[in-house]
Amino acid sequence: MRAFPLVGGPVELRGALDLEITPTGVMPRRLPAWTKEQYQDPSVYGVTVMPSGVRLVFRTDACELEFEVLTFTGQLDTDPLPRPTGMLELLVNGALAGRRRAPVGNVLRMAGPGAAQRLIPGDPGTVRFTGLPAGMKSVELWLPQQTPMELVALRADGEVLPPLPDGRRRWVHHGSSISHCIEADGPTGTWPTVAAALGGVEVINLSQAGNALLDPYVARTIRDAPADLISLKVGINIVGLAAFRLRTFGPAVHGFLDTIRDGHPDTPLLLMSPVSCPAVEETPGPTTMGPDGRITALGDPAQVAAGALTLAVVRAELERIVATRRTRDPHLHHLDGRELLGPDEADDLADGLHPTATAYRRMGKRFATRAFASDGPFRPRAPRP
């Protein structure tokens with residue numbers, strides 16, 4: 001087996017906007033390094049290095065590949081085992097050719113959610129894919145959407161070459177955990193990835209579990225990133241944290257859109273409202289997880305009249321904002337999130353908030369049907385030169 005460099009060689013890393021160089025290897029980041037100094041909450045860093053949508057892309061005539069990685073996963077002191085590390089999925093010429101569970105490496109132990117973490121150091125592990133078809137082929141290795149990892153080595157029993165130029169349009173998406181899709185059955189089972197495959201586009205998933213809060217550094221990141229299509233899924237984290245009142249929510253959305261439009265004045269931009277979540281449809285946040293493991297709203301419905309936000313209020317406000325702006329921005333579009341997962345599908349929310357793996361795949365298909373249709377906001381256009 002021959003080793004090939006992961007940086008500065010034939011391998012292209014897609015879905016990440018930056019790399020951290022570590023003593024062991026390189027760690028993909030889905031936001032650029034300059035944003036780190038602006039994080040108010042350390043959880044932002046944690047979800048930024050969860051590689052949802054990140055994949056290694058190259059061509060090879062090898063029949064066997066080895067990937068050496070060092071993962072990071074959590075474990076509560078009361079749990080007998082670390083949290084599942086997720087799957088690495090190998091696509092050959094666009095078709096799934098193998099799935100391997102990521103090895104357990106470093107473990108972050110804690111007394112309870114949000115408690116101080118203690119690092120239990122681990123070692124890199126090797127994942128092997130064998131029996132690949134002979135001849136030169138295009139390969140994508142998709143990393144687990146929920147598990148930060150350092151990429152240590154790539155080895156092959158054949159040649160590894162750069163990927164061919166990709167003429168597909170580049171779709172940049174930002175949302176919450178419901179777009180990050182930690183609960184999906186694998187990295188290609190997240191709804192943005194499912195939708196991208198059906199729509200024939202290249203997805204960059206900048207979703208941040210628990211942290212889709214209209215942060216200005218995210219807007220500037222999207223402004224500066226190459227993009228042919230942009231979508232934003234806004235609302236559930238804002239209601240869940242009671243992060244805004246109605247008075248401040250609208251201007252924050254406008255400011256986020258204005259910043260993106262500074263870099264992408266004519267790019268199709270789809271603003272999406274939340275999928276159904278019964279607990280906060282008519283009751284404001286903040287929210288917590290109840291003793292049954294399901295989301296519970298702690299706010300007072302009587303406060304809606306004073307500006308407290310529910311999902312119903314957020315949906316109406318987002319629809320109003322798009323209608324107002326479309327008079328001067330015809331490339332701005334709106335999608336009610338309930339078209340992806342509606343109130344009659346509440347049983348598909350395992351904890352009352354997050355869709356099941358099956359529901360995520362269904363959401364991806366529904367998004368593709370609506371967004372990439374001949375009359376949809378992302379209808380086919382000429383690819384980038």
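FYI, side chains are in, hydrogens and waters are out, and symmetry mates aren't considered; it's all heavy atoms of this structure.
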request  = Kindly indicate, with the supporting measurements, whether the criterion salt bridge (Lys or Arg N to Asp or Glu O under 4.0 Å) is fulfilled by Asp258 and Arg325.
outcome  = CA-CA 10 Å; Asp258 287 343; Arg325 293 178 67 106; 2.9 Å; yes

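Asn205 and Ser52 get closest at one heavy-atom pair: ND2-OG, 3.5 Å. Listed here is the closest heavy atom pair of Ala184 and Thr190: CB-N, 3.9 Å. Of all non-hydrogen atoms in Leu161 and Met136, the two that sit nearest each other are CD1-CE, 3.7 Å. Looking at every heavy atom in both residues, Pro355 comes nearest to Glu183 through O-CB, 3.9 Å. Across Pro343 and Ser276, no two heavy atoms sit closer than the pair N-OG, 2.9 Å. Summarising the geometry of Asp348 relative to Ala359, their closest heavy-atom pair is CB-CB, 3.9 Å, with the distance given to 0.1 Å.
Atom CZ of Arg170 is separated from atom CD1 of Ile230 by 10.5 Å, given to the nearest 0.5 angstrom.
Evaluation of the salt bridge (Lys or Arg N to Asp or Glu O under 4.0 Å) rule for Asp215 yields no partner, not counting sequence neighbours. In this structure Glu66 satisfies the salt bridge (Lys or Arg N to Asp or Glu O under 4.0 Å) test together with Arg128, Arg155, sequence neighbours excluded. By the salt bridge (Lys or Arg N to Asp or Glu O under 4.0 Å) test, Glu20 pairs with Arg29, sequence neighbours left out. Taking the side-chain contact (heavy atoms from CB on, under 4.5 Å) definition, one finds that Pro32 meets it with Leu17, Asp18, Trp34, Thr35, Thr221, sequence neighbours left out. Legend: residues meeting side-chain contact (heavy atoms from CB on, under 4.5 Å) with Asp79, ordered by chain and number and at least two apart, are Gln75, Leu76. The side-chain contact (heavy atoms from CB on, under 4.5 Å) search around Val253 returns Leu214, Phe249, Leu257, Leu271, Leu318, Ile321, not counting sequence neighbours. Partners of Tyr39 by ring pair (Phe, Tyr, Trp, His ring centres under 6.0 Å), not counting sequence neighbours, listed by chain and number: Tyr217. Scored by the ring pair (Phe, Tyr, Trp, His ring centres under 6.0 Å) test, His173 finds Trp171, Trp191 as partners (sequence neighbours excluded).
Between Leu353 and Ile178 the shortest side-chain heavy-atom distance falls below 4.5 Å. With contacts defined as side-chain heavy-atom distances shorter than 4.5 Å, the pair Arg14/Asp166 qualifies. In this structure, the side chains of Val172 and His264 stay at 4.5 Å or more apart for every pair of heavy atoms.
Legend: side-chain hydrogen bond (donor to acceptor under 3.5 Å, both in side chains) pairs involving residues 109-123, not counting sequence neighbours, sorted by first then second residue: Asp77-Arg109, Asp77-Arg118. The side-chain hydrogen bond (donor to acceptor under 3.5 Å, both in side chains) pairs that include a residue from residues 94-106 are Glu89-Arg99, where partners are two or more places apart or lie in different chains. Screening residues 304-322 for side-chain hydrogen bond (donor to acceptor under 3.5 Å, both in side chains), with sequence neighbours left out, gives Glu281-Arg315, Glu317-Arg320.
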Side-chain atoms of residues 294-305: list all donor-acceptor pairs with protein atoms under 3.5 Å, sequence neighbours left out, distances to 0.1 Å.
residue, atom, partner, partner atom, Å
Arg294, NH1, Ala350, O, 3.2
Asp300, OD1, Ala302, N, 3.0

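Note on Met149: it does not cluster hydrophobically with Val57, by side-chain heavy-atom contacts below 4.5 Å among ILVMFWY residues.
Between Phe129 and Phe67, the two ring planes are perpendicular [angle over 60°; tilted spans 30° to 60°].
A side-chain contact (heavy atoms from CB on, under 4.5 Å) with Leu270 is found for one member of Lys233, His333, His331 and no other, namely His333.
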